[in-house]
Amino acid sequence: MVLPQEFISMIEAYGSPLLGGLAGALESTLPAVSVRANTRKGIAPPPGARLVPWAQSGWYLDSRPQFTFDPAIHQGLYYVQDASSMAVGAVAAALAAGQHVRYLDACAAPGGKTTAAADALPQGSLIVANEYDHRRAAVLAENMAKWGCPASVVSRGDTAKFRSLQGFFDIIAADVPCSGEGMMRKDAEAVRQWSPALVAGCAARQKEIVSNLWPALRPGGYLIYSTCTFNRQENEEMVAYMVSELDAEPVATGLPSGHGIAPGLDTPYPCRRFMPHLLQGEGLFLAVLRKPEDGDSRKGRVDGNIKGRNKHRPAATSPVLLRQVADQASELIESPQDYTFHIDSPGDTVVAVPRQHDDAVCRLRQALDVIYGGIVVGTVKGRDLVLSQHLAMSTPFRQSALPSCEVDYPTAVSYLRREAVTLPGSVQRGYVLLTYAGHPLGFVKNMGNRSNNLYPQQWRILSTHAPATPPEVL
């Protein structure tokens, strides 16, 4: 791989010894492979794993397996993520300081940084993930559903929509669209598309995004600004812009010292750079900025208390049937008293929203194009509740409420391809939870001689070349 000469000249012009060796690393070394465990599902790095120093639930692999054919990744037990990007979760946890927060990941697809934050933040936090591009938003929604966090909302659309949510969030993460220099080692397209004009265009867009998001941050709240690029225009100069134009206050990131994490270039502010010639990870720039406050740090928050203005649309079915369905749904959730059950139309979708966040989720539905919020339990069809894959993946799912059947590896792959699965004759008819390695895989409706595969069509594995044994990751 040959880097653009203009890019090399730009790096050299900075005159920083921290950048010595960067171009060579991008041109001649291979990316590290790393994954992160879903701690909320009881997963931890395997014994003896090489841990990521700034993310204790992350570890390095010696090679890149065929992740697609590992049921565990489809079960939401781990996520494939660059080690540098895992730092955002650690920063979010440090800023929350043990208090539950409202957290927005404003440019979230495909979901790695959002799921890292969902794991790292205290229980009781509300996680909102937004993506501008509708296709990428669908991927984000899938990954968030698999991760299983019940107190989460996924939306799509321009960040301008967040201007109406004055003071709503405690922490906003903006991993803004950038020129992608930090991905040059992994993505040949990042090399081909790079130009000084691209850098300038990205910087202009980044100013627009942070200006859109700033009103939604409460006074005293924090903005985590990050890019996967190396130039100063999109990084240190953007921090200076937020200081001068938004009156933002740069603060320490809370990341551990050492480990090859570098400071910012020619800046008085406590920025951090992750660069592949200094550590095992791709390029990442990160800074934290605090919104000034007057008085109590919580006074600026809008609490979203809008009871009676619920934007969940009423379903077309009868009230009696709706009550029956809600009762049925509540049996499938641990501690159902902690949730409010809604039935939305069209589609008569049954959703369980953590009660403490119900008003906030309603407020978000009014302001944003919300794909889903809470746990999608299923859809009403006639007098039946067709169970959703979201429910199977969610951490509050009460597995004992349904009969289950443990399957072997070939059967698990067949299920994930959405092929027909035959169950033993001893398995009860009706809805059955399939498990693999003791963890939920998804639902089938067992008819006796056959079973209906309920795995989402759009999530299915398309490749037919599965290995004989599963990849060894966990």
Report yes if some heavy atom in the side chain of [X] is under 4.5 Å from a heavy atom in the side chain of [Y]; otherwise report no.
{"X": "Ile461", "Y": "Thr68", "answer": "yes"}
{"X": "Thr227", "Y": "Leu284", "answer": "no"}
{"X": "Val128", "Y": "Phe169", "answer": "yes"}
{"X": "Tyr339", "Y": "Ile375", "answer": "yes"}
{"X": "Ile333", "Y": "Phe397", "answer": "no"}
{"X": "Leu364", "Y": "Leu165", "answer": "yes"}
{"X": "Pro150", "Y": "Thr395", "answer": "yes"}
{"X": "His342", "Y": "Val353", "answer": "yes"}

Would you please test Arg365 and Asp358 for salt bridge (Lys or Arg N to Asp or Glu O under 4.0 Å) and show each step? CA-CA 11 Å; Arg365 283 178 175 269; Asp358 192 39; over 6 Å; no
Using the ring-ring contact (aromatic ring centres under 6.0 Å, His included) criterion, which residues pair with [X]? Sequence neighbours excluded.
{"X": "Phe274", "value": "Trp54"}
{"X": "Tyr225", "value": "none"}
{"X": "Tyr269", "value": "none"}
{"X": "Tyr415", "value": "Tyr455"}

Where do [X] and [Y] come nearest, in terms of heavy atoms and distance?
{"X": "Pro177", "Y": "Cys107", "result": "CD-SG, 4.1 Å"}
{"X": "Ala412", "Y": "Pro71", "result": "CB-CG, 4.0 Å"}
{"X": "Val351", "Y": "Gly373", "result": "CG1-O, 2.9 Å"}
{"X": "Ala329", "Y": "Val350", "result": "CB-CG1, 3.9 Å"}
{"X": "Asn143", "Y": "Thr115", "result": "O-CG2, 4.3 Å"}
{"X": "Ser152", "Y": "Leu126", "result": "N-CD1, 4.4 Å"}

Could you list all the salt bridge (Lys or Arg N to Asp or Glu O under 4.0 Å) pairs where at least one residue sits in residues 67-76, not counting sequence neighbours? none
What salt bridge (Lys or Arg N to Asp or Glu O under 4.0 Å) pairs are there with at least one residue in residues 172-183, not counting sequence neighbours? Lys113-Asp175
Quick one, Ser179 with Thr229, criterion side chain to side chain donor-acceptor pair (under 3.5 Å). Give me CA distance, side-chain angles, the key distance, then yes/no. CA-CA 6 Å; Ser179 56; Thr229 203; 2.8 Å; yes
Strictly distance-based, threshold 3.5 Å: is any side-chain N or O of [X] a donor or acceptor partner for the main-chain N or O of [Y]?
{"X": "Arg36", "Y": "Gly112", "answer": "yes"}
{"X": "Gln66", "Y": "Pro471", "answer": "no"}
{"X": "Tyr431", "Y": "Leu385", "answer": "yes"}
{"X": "Lys41", "Y": "Met393", "answer": "yes"}
{"X": "His390", "Y": "Glu142", "answer": "no"}
{"X": "Lys445", "Y": "Gly430", "answer": "no"}
{"X": "Arg136", "Y": "Asp133", "answer": "no"}
{"X": "Tyr78", "Y": "Ile43", "answer": "no"}
{"X": "Glu131", "Y": "Ala109", "answer": "yes"}

Determine, for [X] against [Y], whether the closest basic-nitrogen to carboxylate-oxygen distance falls under 4.0 angstrom.
{"X": "Arg273", "Y": "Glu236", "value": "yes"}
{"X": "Asp359", "Y": "Arg102", "value": "no"}
{"X": "Glu282", "Y": "Arg185", "value": "yes"}

Quick one, Gln81 with Ser34, criterion side chain to side chain donor-acceptor pair (under 3.5 Å). Give me CA distance, side-chain angles, the key distance, then yes/no. CA-CA 6 Å; Gln81 186 179 22; Ser34 51; over 6 Å; no
Side-chain donor-acceptor pair present, Arg417, Ser463, cut-off under 3.5 Å: no
Is there a donor-acceptor contact under 3.5 Å linking the side chains of Asp348 and Thr379? no
Applying side-chain contact (heavy atoms from CB on, under 4.5 Å), can you list everything that pairs with [X], at least two apart in sequence or on another chain?
{"X": "Val33", "result": "Leu61, Arg64, Phe67"}
{"X": "Asp338", "result": "Ser335"}
{"X": "Asp369", "result": "His134, Arg156, Lys161"}

I need the [X] [atom1] to [Y] [atom2] distance, nearest 0.5 Å.
{"X": "Thr39", "Y": "Asp119", "atom1": "OG1", "atom2": "CG", "value": "3.5 Å"}
{"X": "Leu423", "Y": "Arg429", "atom1": "CG", "atom2": "CZ", "value": "11.5 Å"}
{"X": "Trp147", "Y": "Gln75", "atom1": "CH2", "atom2": "CD", "value": "12.0 Å"}
{"X": "Ile73", "Y": "Leu77", "atom1": "CD1", "atom2": "CG", "value": "9.5 Å"}
{"X": "Leu454", "Y": "Leu391", "atom1": "CG", "atom2": "CG", "value": "11.5 Å"}
{"X": "Tyr132", "Y": "Asp158", "atom1": "OH", "atom2": "CG", "value": "6.0 Å"}

List the residues meeting salt bridge (charged side-chain N to carboxylate O under 4.0 Å, His left out) with Glu334, not counting sequence neighbours, and say none if there are none. none
Take atom CD in Glu189; do more than 12 heavy atoms of anything else shown fall under 6.0 Å from it? yes
Pairs under 3.5 angstrom only: tabulate donor-acceptor contacts from the side chains of residues 240-248 to other protein residues two or more places apart or in another chain.
{"residue": "Tyr241", "atom": "OH", "partner": "Ser211", "partner atom": "OG", "Å": "3.4"}
{"residue": "Ser244", "atom": "OG", "partner": "Ala240", "partner atom": "O", "Å": "3.2"}
{"residue": "Ser244", "atom": "OG", "partner": "Tyr241", "partner atom": "O", "Å": "3.1"}

Could you go through the side chain to side chain donor-acceptor pair (under 3.5 Å) check for Asn446 and Ser451 one step at a time? CA-CA 4 Å; Asn446 186 25; Ser451 59; 5.1 Å; no
Residues at least two apart in sequence or cross-chain that pass side chain to side chain donor-acceptor pair (under 3.5 Å) with Trp59, listed by chain then number, are none
If you apply the rule side-chain contact (heavy atoms from CB on, under 4.5 Å), what do you find for Leu433 with Val444, and how did you get there? CA-CA 7 Å; Leu433 172 68; Val444 297; over 6 Å; no
